[in-house]
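Report on the structure given below.
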2 protein chains.
Amino acid sequence: MARKTGSHSDITGPRVQQAALRLFARHGYAAVSMRQIAAEVGVQAGALYNYTPDKQSLLFDLMRGHMEDLMAERAARGGQGGPLARLEEFTRFHIAFHLERPDAVFVSYMELRNLEPKNFAVIEGLRRGYENELQGILEDGVAEGVFAVADPKVATLAVIAMLTGVTTWYRREGRLSPAEVGTLYWDMVRKAVAA
Amino acid sequence: MARKTGSHSDITGPRVQQAALRLFARHGYAAVSMRQIAAEVGVQAGALYNYTPDKQSLLFDLMRGHMEDLMAERAARGGQGGPLARLEEFTRFHIAFHLERPDAVFVSYMELRNLEPKNFAVIEGLRRGYENELQGILEDGVAEGVFAVADPKVATLAVIAMLTGVTTWYRREGRLSPAEVGTLYWDMVRKAVAA
DNA sequence: AGAGTATCTGAACGCGTGTTCAGTTCAATC
DNA sequence: GATTGAACTGAACACGCGTTCAGATACTCT
């Protein structure tokens, strides 16, 4: 019988995750202490252990959650249309998705080396799946003659690096909207792989 | 009167830097202790302080050295020829330079947030200078009508992100030589900004 | 041989770490 | 109104941190 009112766990739990994400993104996993996270939430350090078995799980759960969101949203949009249309959709989606969650993106790309090997393998597997979708689009395009890329694997990694790089400079208060950024990048991606 | 033989400082000093670079690249600045660095060199932790005033300076000196190397090598190769030739030279140089120093690159891009504000400003200034060279090439190309980029600033950051991303997947033992990688990327860069 | 000094050791300093846990608080239930 | 149990505190644990420094070591120079 879970209590409905007066129970804080369904409030504190997410707040722990939020605080951890924020702090990990700003200072890095290794540089953030459990006491800092607790202070941000407004509890003592010991209370965090009602919501995570340990610090490593806090990091892993954040990264797995981010990657699963990514894959789920990707699966929701079907790969419809020809390679060019699919590539445009992928490009704009990637930009929009990443600009919406700068902290999660930052943590997921920077803290891979702080994952225990087993956890690392899980995240790496999810990422590989995401990359494979782009690679499939490029390969289809090459087969149909609409794309010309000498090495689809390298092109995949190059395009993803370029797109993800947007998170390092984009600022909400800046002169460009996410959609405008998407258009700028789509223009470059399209030309880069064009036949 | 510096002693020539028997003096270890000119051996230990560089070894400290090497060890710090290796460990920072693999585990991150915050996760590496002075005792770990000392163990890698084969001395006690206290001995490190003959070669650096503190841990922060160790990081800063590594990053500054890397950026200064980058700028020096860039200055050595003049910006000769038209925008297309200069862009090709820049692209191939960037790939080759970065593939030669994976550890320094990794540290310089990942540990910016662990720099004290003053040190951060120095490194950021150097990087800005490097980016400006690429931006200048793109702007010249646009002026001459050989490039078509809607936003030179964004294009600069996009190209650099794409090129630097090569360090995340390239392995010396892999199927591609640095020169081959350079050619693959140049093909994509050239098309991405072409008029 | 003796003096001088660059180099390093080993112990210590105060402090922060992740984690555990007995005990307190307090709203929901009976 | 008594009981229950989830949520949390506050103190403690063993340990590692960056840094300092008096003293040992090992070498060069006179």
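Naming convention: chains lettered A, B, ... in sequence-line order (proteins, then strands); numbering from 1 in each chain.
- In this structure, the CD1 atom of B:Ile11 is 12 Å from the C1' atom of C:dT7, given to the nearest Å.
- One side chain, A:Tyr130 or A:His94, offers a donor N or O that lies under 3.5 Å from an acceptor on the other.
- Distance B:Arg35 CZ to C:dT17 P: 16 Å, rounded to the nearest Å.
- If A:Gly46 and A:Ser33 are placed on DNA chain C by their nearest nucleotide, the residue sitting closer to the 5' end is A:Ser33.
- Note: A:Tyr29 and A:Phe24 have perpendicular aromatic rings, judged against thresholds of 30 and 60 degrees for the angle between ring planes.
- Here the P atom of nucleotide D:dG10 and the OH atom of A:Tyr49 are 18 Å apart, to the nearest Å.
- Within 4.0 Å of B:Val41, counting heavy atoms only, lies no atom of the nucleic acid at all.
- Toward the 5′ end of DNA chain D lies the nearest nucleotide of A:Ala45, the other residue of the pair B:Ala31 and A:Ala45 mapping further downstream.
- Judged by distance alone, the side chains of A:Glu139 and A:Gln135 do bring a donor and an acceptor atom under 3.5 Å apart.
- Exactly one residue among B:Val41, B:Val43, B:Asn50, B:Leu21 makes a side-chain contact (heavy atoms from CB on, under 4.5 Å) with B:Val16. That residue is B:Val41.
- One interatomic measurement links the two molecules: CE of B:Met34 to C1' of C:dG10, which rounds to 17 Å at whole-angstrom precision.
- Straight-line distance from the CG atom of A:Leu58 to the C1' atom of C:dT19: 14 Å, rounded to whole Å.
- The distance between atom NZ of B:Lys55 and atom P of D:dT20, rounded to the nearest whole Å, is 15 Å.
- Here the P atom of nucleotide C:dT25 and the CG atom of A:Asn50 are 18 Å apart, to the nearest Å.
- Nearest to the side chain of B:Ala47, among C:dT7, C:dT9, D:dT20, sits C:dT9.
- Side-chain atoms of B:Asp54 lie closest to D:dT19 of the nucleotides C:dT17, D:dT19, D:dC8.
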